[in-house]
Amino acid sequence: ERLDYYDYGVEPGFELDSRDGNLRIKLQYEKRVYDDRRASDAMGAPIAGTDLEYENYGVKVRYRHRLTRQSALELTGGYGLREDNGVGYADRTQWNVGLEWTLRFKDDGRLVMESEYSSRLFDQQVVGDPTINDEAPEKKGFDVRVRYERPVPFVDIRGFSLVIEAELESYDNSNDERYTYDRLVGFLGVRQEF
């Protein structure tokens, strides 16, 4: 029950189209209120009478530029802040930048290559005590994905495709080696888009 919460928010956006490009900017505000969870002080002890609340503020930007009729390049970025209603133990700052290249084939297949660098930092988290929080005080690194999609042959269902995907994650945290890792993931399956 400590995970039960309700949240509400708004995400106003702006979109600008041109012949060869598309710019999207989205602002974010969200408030999350936990039903049975207290805000914590810097040592992780619950503060009496304070049901935990988070406020999230952020901005996301995407720019897509069509290179040719078959390919496009997309630049992405984002920045976000989270603040709690306690003494700031759960406050965090995060940002990311990314690049995506898409190539379409004559058989309706699509090759997508994505890369992203991201950073997330808890502003006041106590380092070195896993009993307080098992999340990394800082998480930074990159994620690279390659995906090929193609409509399933001989099946006439719109949005139904075969998918092959490989992903490499590499996160390093010089402050706490417990959260440093590299991971390689492969995926083969079918996807139905609605």
Side-chain angles (χ1 to χ4, degrees), residues 3 5 7-30 32 56-82 92-121 134-136 138-173 178-194:
L3 298 177
Y5 65 86
D7 63 5
Y8 56 89
V10 294
E11 287 192 350
F14 171 77
E15 187 167 342
L16 179 65
D17 284 317
S18 68
R19 197 179 86 171
D20 294 325
N22 171 271
L23 173 67
R24 286 175 281 168
I25 301 172
K26 187 182 291 187
L27 302 175
Q28 176 198 24
Y29 171 77
E30 178 189 41
R32 177 175 292 185
N56 292 296
Y57 311 89
V59 60
K60 297 177 185 175
V61 178
R62 298 180 81 84
Y63 176 70
R64 181 178 177 85
H65 181 73
R66 189 158 63 179
L67 301 171
T68 67
R69 295 181 87 159
Q70 289 82 26
S71 69
L73 190 64
E74 190 164 341
L75 304 171
T76 63
Y79 183 80
L81 298 173
R82 181 176 79 179
R92 73 177 185 203
T93 303
Q94 57 189 24
W95 60 269
N96 65 282
V97 292
L99 183 66
E100 179 180 311
W101 178 66
T102 303
L103 178 63
R104 294 186 179 274
F105 299 100
K106 291 181 181 178
D107 64 358
D108 292 329
R110 182 170 66 164
L111 176 67
V112 180
M113 300 176 74
E114 303 173 73
S115 65
E116 180 182 82
Y117 184 86
S118 62
S119 172
R120 186 203 65 200
L121 176 66
D134 61 358
E135 290 192 80
E138 181 178 15
K139 183 178 180 182
K140 59 183 178 179
F142 65 88
D143 194 341
V144 177
R145 285 184 291 280
V146 178
R147 181 176 66 249
Y148 176 72
E149 301 176 18
R150 184 179 187 280
V152 177
F154 313 113
V155 177
D156 190 21
I157 301 174
R158 185 182 178 118
F160 190 61
S161 57
L162 295 170
V163 179
I164 302 170
E165 184 171 310
E167 179 177 9
L168 169 66
E169 296 179 348
S170 182
Y171 287 92
D172 91 35
N173 181 355
R178 293 175 303 165
Y179 301 102
T180 299
Y181 69 93
D182 293 321
R183 177 168 51 192
L184 184 61
V185 179
F187 173 79
L188 174 64
V190 294
R191 174 178 292 152
Q192 173 65 59
E193 296 181 9
F194 297 98

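These figures come from a predicted structure and were not determined experimentally. Position 1 is the first residue of the sequence, and the numbers go up from there.
With sequence neighbours left out, Leu162 forms a side-chain contact (heavy atoms from CB on, under 4.5 Å) with Val152, Pro153, Val190. Taking the side-chain contact (heavy atoms from CB on, under 4.5 Å) definition, one finds that Leu75 meets it with Leu99, sequence neighbours left out. For Tyr117, the ring pair (Phe, Tyr, Trp, His ring centres under 6.0 Å) criterion is met by Trp95, not counting sequence neighbours. Take Asn96 and apply the side-chain contact (heavy atoms from CB on, under 4.5 Å) test, not counting sequence neighbours, and it matches Glu116, Ser118. Residues passing the salt bridge (charged side-chain N to carboxylate O under 4.0 Å, His left out) test with Arg24 are Glu74, sequence neighbours excluded. Annotation: ring pair (Phe, Tyr, Trp, His ring centres under 6.0 Å) contacts of Tyr79 (sequence neighbours excluded): none. With sequence neighbours left out, Arg19 forms a salt bridge (charged side-chain N to carboxylate O under 4.0 Å, His left out) with no residue at all. Shown here are the side-chain contact (heavy atoms from CB on, under 4.5 Å) partners of Thr102, two or more places apart in sequence or in another chain: Arg64, Glu100, Arg110, Val112. With sequence neighbours excluded, the residues forming a ring pair (Phe, Tyr, Trp, His ring centres under 6.0 Å) with Tyr57 are Tyr29, listed by chain and number. Listed by chain and residue number, Asp107 satisfy the salt bridge (charged side-chain N to carboxylate O under 4.0 Å, His left out) test with Arg150 (two or more places apart in sequence, or in another chain). For Glu30, the salt bridge (charged side-chain N to carboxylate O under 4.0 Å, His left out) criterion is met by no residue, not counting sequence neighbours. The ring pair (Phe, Tyr, Trp, His ring centres under 6.0 Å) check on Tyr148 picks up nothing, with sequence neighbours excluded.
Looking at heavy atoms from C-beta onward, Leu168 lies in side-chain contact with Phe142 at the 4.5 angstrom threshold. No side-chain heavy atom of Ile164 sits less than 4.5 Å from a side-chain heavy atom of Val146. Under the 4.5 Å side-chain criterion, counting only non-hydrogen atoms from C-beta, Arg82 is not in contact with Gln94.
In this structure, Leu81 CG and Arg92 CZ are separated by 10.5 Å, a value rounded to the nearest 0.5 Å. Interatomic distance, Leu27 CG to Phe14 CZ, rounded to the nearest 0.5 Å: 11.0 Å. A distance of 10.5 Å separates OG1 of Thr68 from CG of Asp20, quoted to the nearest 0.5 Å. Rounding to the nearest 0.5 Å gives a distance of 10.5 Å between CZ of Arg147 and CZ of Phe187. To the nearest 0.5 angstrom, Lys106 atom NZ is 8.0 Å from Gln70 atom CD. Atom CZ of Arg120 and atom NZ of Lys139 lie 6.0 Å apart (nearest 0.5 Å).
Using modelled atom types and a 3.5 Å distance limit, the side chains of Thr180 and Asp172 yield no donor-acceptor pair.
Counting all heavy atoms, side chain and backbone alike, Gly109 lies closest to Pro151 at N-CD, 4.3 Å. Contact detail for Trp101 and Ser71: the closest heavy-atom pair is NE1-CB, 3.9 Å. Here the closest non-hydrogen pair linking Arg145 and Asp143 is NH1-OD2, 3.0 Å.
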Next on the checklist: I'd like to know whether Lys140 forms a side-chain contact (heavy atoms from CB on, under 4.5 Å) with Glu138, so could you lay out the CA-CA distance, the side-chain angles of the two residues, the decisive distance to 0.1 Å, and finally the verdict.
Outcome noted: CA-CA 7 Å; Lys140 59 183 178 179; Glu138 181 178 15; 3.6 Å; yes
